[in-house]
Amino acid sequence: MEHQPPHRSGGEENEVGLRSEFSTDTIVAVATAPGRGGVGIVRISGPATRRIGECLLSTALPEPRVATRSRFHDGARAVLDEGLALFFVAPHSYTGEDVLELQGHGGPVVLEALVERAVSLGARRARPGEFTQRAFLNDKLDLVQAEAVADLIDAGSLAAARAAVRSLQGEFSAQVHELVDAVIELRVWVEAAIDFPEEEIDFLADRALTSRLSALRVRFASVRHAAQQGRVLRDGMTVVIAGRPNAGKSSLLNALAGYEAAIVTPIAGTTRDVLRELISIDGMPLHIVDTAGLRDAGDLVEAEGIRRARLAMQQADRVLFVVDATTDRRAESLAEEKVRLPTGVPITLLFNKIDAAAGGVDTHRTESGADAMLMISAKTGAGLAELREHLKICMGYDAGQVGTVSARARHVEALQRAERHTEEAVRQLKESRAGELVAEELRAAQTALTDITGEFHADDLLGRIFGSFCIGK
């Protein structure tokens, strides 16, 4: 998809202070990673870039977008370094301003000397993410695309990097804009019914309106699912290991982590609190939570551990429910707990200790209701490779190859908020035919969606987002 500059329909009042500051300031920073390297880049952006470049370079300012060899001078015209200079004229640059990049040798002393020289000529040191923030404020990127820049830098796997590139190219933004356009069309329809009540046609009773609302709900579900998948691919997945005491939950945590993170004993109820570990599967983060065994608690401490276990399950992306395959009650253990497991959280049923199960494991006897079922042995490692592959798929490993976009928790939350307002609009239409209330819910849905791309935003949101970037980007 060709990159399209964002179109903003509001929120400009939030940008007045930022734009006025950026219109007068010229910023400078090292754009390459800290440390020593063969090449280091210093980036300068702002209205004084041309003047600073003329003072700093031994040659005339390069032609736009033409790499030119030059020496970089200090105030006494002594040579600090030599390399390539690249000049980008506004608005045809990353930030939308005049930009000069000095590509020299990657020694930290040399790079710092170049930054100090630019500061002495009137620039100031850039804050984290300030170059990308200027790109956003100058309509070179929308907020989703700006966040995708950081996601691409931080990607822990090829799948996550590809998803970030798709968001950077505008695929996720295009999906959100399609939802916004659909909501606006419905608002126009409903507000026409409010503005022209004397017309013979009852717009609110028109089946086409109901049909469009239904189609919008389907589209919301599709985009939300893709965003949730993208969020998991970026942030990782939280998996809670649950089950009865002595099912082998802590042993499974140790096996997945690769070291003894949890205490393992034959005594039932050894784990009394929530234990969290972060591991990586092919570069994708996986947050594993070991919990207390689920049973009728024997004391107050264990009861609190079980309460925390149930809370962790409610907040999980997936529950690994571990069943002891050596017991006669394996078919009933999940069935008894199923009524107390959180609804809406996917469950993977794991039959553990298959190395010690007499006569194998009869999985056909178990009416689990689980989304997946695997045979493992945390002791011998049998089945753990299959479990890791299963978790990779749950995290979007395969989906990352066929169109997954990078998304963040705030995107998913905004989509859910917009979807709730749409659902409320449908309810108001069915129950009361109150056009004003339907229109208000659709307006709120539109506002939630535009929060995603930054058409409406608060300054503190920008501060949180761009403050997480590295300096020089």
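Along the sequence shown, the residues carry numbers beginning at 1.
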Quiz item: Which pair of heavy atoms, one from Leu152 and one from Ala161, lies closest together, and at what distance?
Solution: CD1-O, 3.5 Å
Quiz item: When rounded to the nearest 0.5 angstrom, what is the spacing between CD1 in Ile241 and CG in Leu256?
Solution: 6.0 Å
Exercise. Determine whether Arg443 and Glu440 make a side-chain contact, defined as any pair of heavy atoms from C-beta on separated by less than 4.5 Å.
Key: yes
Quiz item: Is there side-chain contact between Thr422 and Glu441, with at least one heavy-atom pair below 4.5 Å?
Solution: no
Self-check item: Cationic N near anionic O, under 4.0 Å, Arg417 to Glu413
Solution: yes
Quiz item: Does a side-chain heavy-atom distance below 4.5 Å link Val99 with Phe87?
Solution: no
Quiz prompt | Pair Glu112 + Arg125, salt bridge at N-O below 4.0 Å | solution = yes
Self-check item: Worked verdict on Val176 versus Val144 for side-chain contact (heavy atoms from CB on, under 4.5 Å)
Solution: CA-CA 10 Å; Val176 174; Val144 170; 5.6 Å; no
Quiz prompt | Check: Thr95 side chain, Arg134 main-chain N or O, donor-acceptor pair, under 3.5 Å | solution = no
Practice problem: Write down the atom of Arg71, the atom of Val79, and the distance for their closest heavy-atom approach. | Solution: CD-CG2, 3.7 Å
Practice problem: Measure from the side-chain N and O atoms of Ser70 to the backbone N and O of Ser58, and report whether any donor-acceptor pair falls under 3.5 Å. | Solution: yes
Self-check item: Any donor-acceptor N/O pair, Thr26 side chain to Thr24 backbone, under 3.5 Å
Solution: no
Quiz item: Are Leu100 and Ile52 close enough that some pair of their side-chain heavy atoms sits under 4.5 Å apart?
Solution: no
Quiz item: Backbone N or O of His105 within a donor-acceptor pair of the Asp81 side chain at under 3.5 Å?
Solution: yes
Quiz prompt | Residue pairs, two or more places apart or on separate chains, that pass salt bridge (charged side-chain N to carboxylate O under 4.0 Å, His left out) and touch residues 31-48 | solution = Arg43-Glu101
Self-check item: Side-chain heavy-atom pair Thr348, Phe321 within 4.5 angstrom cut-off
Solution: no
Self-check item: Sidechain-backbone polar pair: Arg51 side chain, Leu121 backbone, donor-acceptor under 3.5 Å
Solution: yes
Quiz item: Nearest heavy-atom pair of Val28 and Ala123: which atoms, and what distance?
Solution: CG1-CB, 3.9 Å
Practice problem: Answer yes when Arg217 and Glu419 have at least one side-chain N-carboxylate O distance shorter than 4.0 Å, and no when they do not. | Solution: no
Self-check item: Pairing of Asp151 and Arg408 as salt bridge, 4.0 angstrom limit
Solution: yes
Practice problem: With sequence neighbours excluded, give me every ring pair (Phe, Tyr, Trp, His ring centres under 6.0 Å) pair touching residues 405-453. | Solution: Phe172-His411
Quiz item: Of the non-hydrogen atoms in Glu97 and Ser45, which two are nearest, and what is the gap between them?
Solution: OE1-OG, 2.6 Å
Exercise. With Gln145 as reference, evaluate Leu143, Leu141, Val149 under the side chain to side chain contact (heavy atoms under 4.5 Å, CB included) test and give the passing residue.
Key: Leu141
Quiz item: If we only count heavy atoms from C-beta on, is the Gln103 to Leu86 side-chain gap below 4.5 Å?
Solution: yes
Quiz item: In Å, rounded to the nearest 0.5 Å, how long is the span from CG of Leu442 to CD of Glu185?
Solution: 12.0 Å
Self-check item: Nearest heavy atoms of Leu102 and Ala85, plus distance in Å
Solution: CD2-CB, 4.3 Å
Practice problem: Mind checking the CG-CG spacing from Leu179 to Leu449? Nearest 0.5 Å is all I need. | Solution: 5.5 Å
Quiz item: With a 4.5 Å heavy-atom cut-off, do His287 and Glu277 have their side chains touching?
Solution: no
Quiz item: Are Val240 and Ile288 side-chain neighbours, meaning at least one heavy-atom pair lies under 4.5 Å?
Solution: no
Quiz item: Under 3.5 Å, is there a donor-acceptor pair between the side chain of Thr450 and the main chain of Thr447?
Solution: yes
Exercise. Taking only Lys NZ, Arg NE, NH1 and NH2, and the carboxylate oxygens of Asp or Glu, determine whether Glu130 and Arg124 approach each other closer than 4.0 Å.
Key: yes
Self-check item: Closest approach of Arg318 to Cys394 (non-hydrogen atoms, all atoms of both residues)
Solution: NE-SG, 3.3 Å
Exercise. Hey, could you give me the CG/NE2 distance between Leu374 and His390, rounded to the nearest 0.5 Å?
Key: 5.5 Å
Quiz item: Does Ile41 offer a backbone N or O that forms a donor-acceptor pair with the side chain of Thr32 under 3.5 Å?
Solution: yes
Quiz item: Quick one: does Ser406's side chain have a donor or acceptor within less than 3.5 Å of a partner on Ser167's backbone?
Solution: no
Self-check item: Intermediate values then yes/no, side-chain contact (heavy atoms from CB on, under 4.5 Å), Asp98 and Val89
Solution: CA-CA 5 Å; Asp98 285 348; Val89 178; 3.9 Å; yes
Quiz item: Stepwise, does the side-chain contact (heavy atoms from CB on, under 4.5 Å) test hold for Leu349 with Leu320?
Solution: CA-CA 6 Å; Leu349 178 61; Leu320 301 181; over 6 Å; no
Quiz prompt | Polar contact flag, side-chain donor to acceptor under 3.5 angstrom, Gln446-Arg187 | solution = yes
Quiz prompt | Verdict with reasoning, Glu147 to Arg410, per salt bridge (charged side-chain N to carboxylate O under 4.0 Å, His left out) | solution = CA-CA 11 Å; Glu147 290 168 304; Arg410 78 168 193 91; 2.8 Å; yes
Quiz item: Looking only at atom types and distance, does a side-chain atom of Lys140 sit under 3.5 Å from a main-chain N or O of Pro91, one as donor and one as acceptor?
Solution: yes
Quiz item: In Å and rounded to the nearest 0.5 Å, what is the CD1 to CZ distance from Ile44 to Phe131?
Solution: 8.5 Å
Exercise. Starting from the C-alpha separation in whole Å, work towards a yes-or-no answer on side-chain contact (heavy atoms from CB on, under 4.5 Å) for Leu84 and Thr68.
Key: CA-CA 5 Å; Leu84 296 178; Thr68 304; over 6 Å; no
Practice problem: Name all residues meeting the side-chain hydrogen bond (donor to acceptor under 3.5 Å, both in side chains) criterion together with Thr132; count only those two or more places apart in sequence or in a different chain, and write none if there are none. | Solution: Tyr94
Quiz prompt | Under 3.5 Å donor-acceptor, Ser222 side chain and Arg219 backbone | solution = no
Quiz item: Do Asp142 and Thr453 have a side chain donor and acceptor closer than 3.5 Å?
Solution: no
Quiz prompt | Euclidean distance, His177 NE2 relative to Asp181 CG, rounded to 0.5 Å | solution = 8.5 Å
Exercise. Just do the side chain to side chain donor-acceptor pair (under 3.5 Å) check on Gln175 and Glu171 with the steps written out, would you?
Key: CA-CA 7 Å; Gln175 294 173 13; Glu171 290 190 23; 5.4 Å; no
